Amino acid sequence: MFQPGSKLKGILIGAMSLLVAWLMIYALGGQSPEYARTYLIISLTATILIWRGAMVLSNRPPWYSPHALILFGMFIIEVVAPVAVLHYRVPAYVFERPLTPEEFEAATMLGLVGVVAYLVGWAIGPKRTTFNRRFEWYLTDTPQVQKNFTIMCFALYAAGIFAWMMMYRTVGGIAEHMENMGGGRREMQGGAGAIIWHLSKLAYVGALLYFSRHGLKLLSIAMILFLAVFLLAFGSRSYAAILFAGAFIIYRVRHTEKIPLVVWGIMASALFFFMTFWTLLRRTGGDMSEAAEMYSELKSTQETAILHAVGSWMFIRNRAELIHYMGDKIPWMNGETYLTFFKFIPQFIWPGQNQIISGAQVYMQYLVPHRVGKVSLSSQLFTEFYINFGYPGVIISALLCGVLIRWFHSRLLADPMRRFQVPHVVLSALLTLCLVRVLKGGIQAMNVPVYFFVGVFLVYLPNLGYLINPPPQSDPADAGDHQGREAAG
């Protein structure tokens, strides 16, 4: 909810952040005058994102909005990581050398265009704060839903955990898999089959819906921690982060008015340490002592510490290489990678889906085919728009993304009374955190929220009749608010 004092705080912090960003970029640009135009583009991108970020600090929208995390992700990808790559002359993967001023300028300009197009889409997106009457009633905590709510949450959770167990069984169990700390993830997914992989997402929905209604109870904490074991053993930092950060968002929105600053600091520090250290743990096959030694070495100098912190965000190099080779070594995709969004469709319905390649596969198959199956290099969302339709694809697709995110924000979060409705906060938290994966992984990652929406839909199946014949006059939001207050209380 907007508070008058927060507007001034947001403006002041935004102005200070902008000043610091410009001074740092100016100082770094002075060391590399041949990259002056690149630094100017990065500065413009930083100015736009910090200006919009100041609105988030003013709680317009709140920090747990999908829009807020997209701004954060774009700032890391389009500002922080490019500055680090440029300043430390990090070589590109295929070129095996640092990017030239022209290559860097082309890559950063594409990012700036994507950022502006997204923000235009957000600005013109729909602002209505409710779904249509049928869907509002469907997501209402009616007595029929409340009667079976806990059982349905347990059923979804059990189905997801069973799916994880089936996947681990294909590689000899959790202990066997952890010896490689996630190196056999492809074998797990492929061996168990796509349907089992899809079902594993239901564990998130069961755990977080139960947590949304009941809060910090022993059982809800146990459900989250037990699922975390499977996610961490799988070797994916992002999947575990979605679970923990999702629970954090739900707790803030549904169960408390304010989180102390010290808790914020501990949470941010723990998450940062986890995201950096877990990479080393995977690399060393789960050897804690060797990973700790590598961590100390990486933190021994400023350069290694910074590059390790932003290493998984340095898509600017891949983007420059793809821009360079498009239309020559790499054919234009003309929308083919967009079809990867629909890979949530079972293969028995769409048997030819494995022939559709993603943006990441375009990079791997055309530029480093000898490394396919050994490393995974992504092409990032704006870059994937470009390799399909060039700049028109970037502008139109990013603009539509902005419109879509504004639609979700308005429907799920804009009304402050949504905090009393159980499913809306869960859907918003899961969507928000998945969007960071979308920014990094491209269009194919967009289908992950589909599984979450299906899980929530199943819990509210007792309301199916409302989709066909909703009550004519009463407001479903009022019913949901009242019942949500009782549950939260």
Side-chain angles (χ1 to χ4, degrees), residues 66-67 69-70 73 131-132 134-135 138-139 152-153 155-157 159-160 163-164 167 189 192-209 212 227 231 234 236 238-239 241-243 245-246 249-250 335-354 356-360 378 381 384-385 397 400-413 423-461 463-464 467:
H67 178 61
L69 247 69
I70 281 192
F131 295 103
N132 64 60
R134 286 181 169 82
F135 202 64
Y138 186 84
L139 289 180
M152 288 299 295
C153 287
L156 291 178
Y157 185 80
W164 279 108
M167 287 192 292
Q189 296 176 34
I195 293 179
I196 296 296
W197 172 241
H198 299 336
L199 286 175
S200 68
K201 310 297 191 307
L202 297 181
Y204 284 95
V205 180
L208 294 181
L209 276 175
S212 179
L227 174 58
L231 300 176
F234 182 60
S236 173
S238 58
Y239 282 124
I242 287 174
L243 178 65
I249 290 173
I250 292 167
E336 180 178 348
T337 72
Y338 284 57
L339 297 177
T340 58
F341 169 77
F342 298 101
K343 284 194 173 183
F344 61 85
I345 299 174
Q347 290 192 12
F348 67 86
I349 298 176
W350 182 19
Q353 62 178 262
N354 288 334
I356 304 298
I357 63 174
S358 66
S378 179
L381 186 62
E384 187 166 351
F385 293 156
S397 299
L400 291 176
C401 282
V403 171
L404 186 62
I405 296 306
R406 186 60 177 264
W407 185 86
F408 275 111
H409 166 81
S410 299
R411 299 308 196 266
L412 294 173
L413 283 177
H424 299 75
V425 177
V426 174
L427 286 173
S428 176
L430 288 172
L431 174 65
T432 297
L433 296 164
C434 283
L435 287 174
V436 177
R437 285 182 55 86
V438 171
L439 274 177
K440 297 178 66 176
I443 294 170
Q444 186 172 1
M446 288 183 180
N447 60 30
V448 175
V450 173
Y451 312 129
F452 298 144
F453 277 77
V454 168
V456 173
F457 187 90
L458 291 174
V459 173
Y460 285 79
L461 269 179
N463 289 340
L464 187 60
L467 288 179

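Since this is a predicted model, take the numbers as computed values, not measurements.
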Would you sort out whether L139 and N463 count as a side-chain contact (heavy atoms from CB on, under 4.5 Å), showing the intermediate values?
-> CA-CA 8 Å; L139 289 180; N463 289 340; over 6 Å; no
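Atom NZ of K343 sits about 6.5 Å away from atom OG of S358, to the nearest 0.5 Å. Rounding to the nearest 0.5 angstrom, the gap separating the CD1 atom in I356 from the CD atom in E336 is 5.0 Å. Once rounded to the nearest 0.5 Å, the distance linking OG of S200 with CD1 of I195 reads 12.5 Å.
Contact detail for C401 and F385: the closest heavy-atom pair is SG-CZ, 3.9 Å. Y204 and L227 get closest at one heavy-atom pair: N-CD2, 3.9 Å. Taking all atoms of both residues into account, the shortest heavy-atom contact from M152 to L458 is CE-O, 3.3 Å. Between L430 and I242, the shortest heavy-atom contact is CD2-CG2, 4.0 Å. The shortest heavy-atom contact between P423 and L209 is CA-CD2, 4.1 Å. Of all heavy-atom pairs spanning L435 and P66, the tightest one is CD1-CB, 3.5 Å.
The environment of CZ in F131 is crowded: more than 12 heavy-atom neighbours from other residues, nucleotides or ligands sit within 6.0 Å.
Here the side chain of S212 pairs no donor or acceptor atom with the backbone of L208 at under 3.5 angstrom. The backbone N or O of W197 sits less than 3.5 Å from a side-chain atom of K201, completing a donor-acceptor pair. Although no hydrogens or angles enter the test, the distance criterion places no donor-acceptor pair under 3.5 Å between the side chain of S428 and the main chain of H424.
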Taking distance alone, no hydrogens or angles, what donor-acceptor pairs closer than 3.5 Å link side-chain atoms of residues 441-454 to residues at least two apart or in another chain?
from: N447; atom 1: ND2; to: T340; atom 2: O; distance (Å): 3.3
from: N447; atom 1: ND2; to: Q444; atom 2: O; distance (Å): 3.1
from: Y451; atom 1: OH; to: H198; atom 2: ND1; distance (Å): 3.0

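Using a 4.5 Å heavy-atom threshold, the side chains of Y239 and R437 count as touching. Between T432 and I70, every side-chain heavy-atom pair lies at or beyond the 4.5 Å cut-off.
Figure legend: cation-pi geometry between R411 and F135 absent, as NZ or CZ is not positioned both under 6.0 Å from the six-membered ring centre and within 45° of its axis.
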